[in-house]
Amino acid sequence: MASWSPDTPCSCDCFVSVPPASAIPAVIFAKNSDRPREEVQEVVFVPAGTHVPGSRLQCTYIEVEQVSKTHAAILSRPSWLWGAEMGANEHGVCIGNEAVWTKEPVGTGEALLGMDLLRLALERGSSAQEALHVITGLLERYGQGGSCWEDPMPFCYHNTFLLADRTEAWVLETVGRLWAAQRIQEGAHNISNQLSIGTDISAEHPELRPHARAQGWWGGQAAFDFAQIFSLTQQPVRMEAAKARFRAGRELLQQWQGGITAEVMMGILRSKESGICMDSGGFRTTASMVSVLPQDPTQPCVHFLTATPDPSRSVFKPFIFGVGAAQVPQVLSPTFGAQDPVRSLPRFQTQVDRRHALYRGHQVALGLMESEQDRGQQLRQKQRDLEQEGLEAVRGLLAREWAPPPQELGGLFQAFVEKESRAYA
């Protein structure tokens, strides 16, 4: 099974700011999801649930054992699969994943995708650390594997994750079923398609070091530098590009150290010159997310999602868990049941139109921005105004200057999606 080629684009960027790096007493999380440029990403609301003991759960390729209770989650996901590229749950846990290739071979069989692991962790973990344990437990039991794009030619990788909650963040980096994790209790941090954990390891798989010794990658005497030991000796061109994005992301975070806000994170995600806002080689940034996780547990967490590609020409719209939170139909892709190319064997032999209503309207708007200067500028200004309206509402909410009824908070995302849809009509 093909897992990677030098010409295969591979990128994603995750960021987190933990006080005192943040301008406010909140952890701020952000991610750009960079995927095949024609792939549609939908925003899915999953309500909390209770489940029959011993029941099974169908993920993208395999079934796993279901747990008795699951948390409500908001997911930004490629619309053909079960898992998610990024998301948050009702307890203020946020997770983003990244593709990574290491000395450890990528498995050839279908197992859990990294995106499946991400969703399972959000549905089952009430803190970043608990979500990390969910991922490592499932990784040990089921493994990771399977094609990660909707194409007959398989594209497989291992995963790194950035997990955050109201108090801290964790970086989790995997090599097959093995892993290392780093706890982040202050400052700003980013990950970009490469191993980044060196000797500062907060937790690890018990077989990690014995495996490295058995493979001849570590002699046991020198310091155990996870990234150095498990990274590919000869880095492909695309991995070198990931290093450049990683350095650029770190520099942008350092520039804003102590003053990082949701708007600052949105600006970083929109940075084209750094490559963080991507559009090359058949890949582009297909969706983006920024979350504000106040340290004060009486304040709501706010999650801004685009549901459309290219954050530099998209609107970050606020979502808040609460009464009235529900699926917004305009950002939900059509379904195809048993006829879906991901369900029919062999997989991905045909293509279907997965565009949701907001995606279609956004496509038209992007075309006008590129072809009709006046009309395009008007649409871009409408986007800016709408995003600013959302940011000001959230600032008022967190400053306790605005106290809407719970039903209104739960319906905030739908209200902004509807406004954006009208702007494109």
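What you see is a predicted model, and the numbers here were worked out from it, not measured in a lab. Residue numbers run from 1 in the order of the sequence given.
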Rounded to the nearest 0.5 Å, what separation is found between the [atom1] atom of [X] and the [atom2] atom of [Y]?
X    : Y    : atom1 : atom2 : value
T308 : E420 : OG1   : CD    : 5.5 Å
I62  : L113 : CD1   : CG    : 9.0 Å
S371 : L366 : OG    : CG    : 10.5 Å
L332 : Y359 : CG    : OH    : 15.5 Å
S17  : I260 : OG    : CD1   : 3.5 Å
L305 : F316 : CG    : CZ    : 9.0 Å

Where [X] and [Y] come nearest, the two heavy atoms and their spacing:
X    : Y    : answer
A262 : F304 : CB-CE1, 4.3 Å
D116 : G83  : OD1-N, 3.2 Å
L293 : G92  : CD1-O, 3.6 Å
S33  : M86  : CB-CE, 3.9 Å
V171 : I197 : O-CD1, 3.7 Å
P78  : E85  : CD-CG, 3.7 Å

Find out whether [X] and [Y] are in side-chain contact, i.e. whether some heavy atom of one side chain is under 4.5 Å from a heavy atom of the other.
X    : Y    : value
E98  : Q194 : no
E42  : V331 : no
K31  : D13  : no
L379 : M369 : yes
P309 : H362 : yes
E39  : R354 : no
C14  : N190 : no
L122 : H71  : no

Item to check | side chain to side chain donor-acceptor pair (under 3.5 Å) assessment of T286 paired with Q41 | outcome: CA-CA 7 Å; T286 55; Q41 206 153 139; 3.0 Å; yes

Checklist entry - Does the pair V46 and I74 meet the rule for a side-chain contact (heavy atoms from CB on, under 4.5 Å), with working shown? => result CA-CA 6 Å; V46 182; I74 188 75; over 6 Å; no

Next on the checklist: Evaluate Y142 against E65 for side chain to side chain donor-acceptor pair (under 3.5 Å), listing each step before the verdict.
Outcome noted: CA-CA 10 Å; Y142 298 102; E65 188 175 336; 5.1 Å; no

Flag yes if more than 12 heavy atoms outside [X] fall under 6.0 Å of its [atom1] atom; otherwise flag no.
X    : atom1 : answer
Q373 : CD    : no
Q349 : CD    : yes
Q351 : CD    : no

Item to check | Distance flag, aromatic centroids of F348 and W80, threshold under 6.0 Å | outcome: yes

Donor-acceptor pair, [X] side chain versus [Y] backbone, under 3.5 Å?
X    : Y    : result
S55  : H51  : no
N193 : A99  : yes
S76  : V43  : no
T199 : D225 : no
T285 : D34  : no
N32  : C12  : no
T102 : E104 : yes
S68  : P53  : no
K317 : V417 : no
S274 : S271 : yes

Exercise: do [X] and [Y] side chains pair donor with acceptor under 3.5 Å:
X    : Y    : result
S333 : H356 : no
E173 : H158 : no
Q377 : R380 : no
Q383 : Y424 : yes

Lys/Arg-Asp/Glu bridge criterion (N-O < 4.0 Å) met for [X], [Y]:
X    : Y    : value
D279 : R37  : yes
E63  : R56  : yes
D296 : R400 : yes
R270 : E387 : yes
D151 : R347 : no
K382 : D385 : no

Checklist entry - Got a sec, which residues hit side-chain hydrogen bond (donor to acceptor under 3.5 Å, both in side chains) with E168, two or more places apart in sequence or on another chain? => result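 E168 satisfies side-chain hydrogen bond (donor to acceptor under 3.5 Å, both in side chains) with W170, R183 once adjacent residues are dropped.
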
Checklist entry - Does K419 make a cation-pi contact with F416 (under 6.0 Å, within 45 degrees of the axis)? => result yes

Checklist entry - Does R119 make a cation-pi contact with W82, if we ask for NZ or CZ under 6.0 Å from the ring centre and within 45° of the axis? => result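 Yes; both conditions hold, so R119 lies above the ring face of W82.
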
Do the rings of [X] and [Y] sit parallel, tilted or perpendicular, given the 30° and 60° boundaries?
X    : Y    : value
F155 : W101 : tilted
F45  : F321 : tilted
F230 : F226 : tilted

Item to check | Test log, rule side-chain contact (heavy atoms from CB on, under 4.5 Å), inputs D353 and R360 | outcome: CA-CA 11 Å; D353 187 352; R360 289 174 181 271; 2.9 Å; yes

Next on the checklist: Between Q144 and N159, is the side chain to side chain donor-acceptor pair (under 3.5 Å) condition met? List the steps.
Outcome noted: CA-CA 9 Å; Q144 58 180 320; N159 291 266; 2.9 Å; yes

Checklist entry - Can you list the steps and then say if S127 with H91 is a side chain to side chain donor-acceptor pair (under 3.5 Å)? => result CA-CA 7 Å; S127 69; H91 297 287; over 6 Å; no

Next on the checklist: Before you tell me yes or no, could you show the steps for E263 and R395 under salt bridge (charged side-chain N to carboxylate O under 4.0 Å, His left out), namely the whole-Å CA-CA distance, both residues' side-chain angles and the distance that decides it to 0.1 Å?
Outcome noted: CA-CA 11 Å; E263 285 176 280; R395 275 194 290 269; 2.7 Å; yes

Checklist entry - Per the side-chain contact (heavy atoms from CB on, under 4.5 Å) rule, which among L139, T60, L120 passes with L112? => result L120

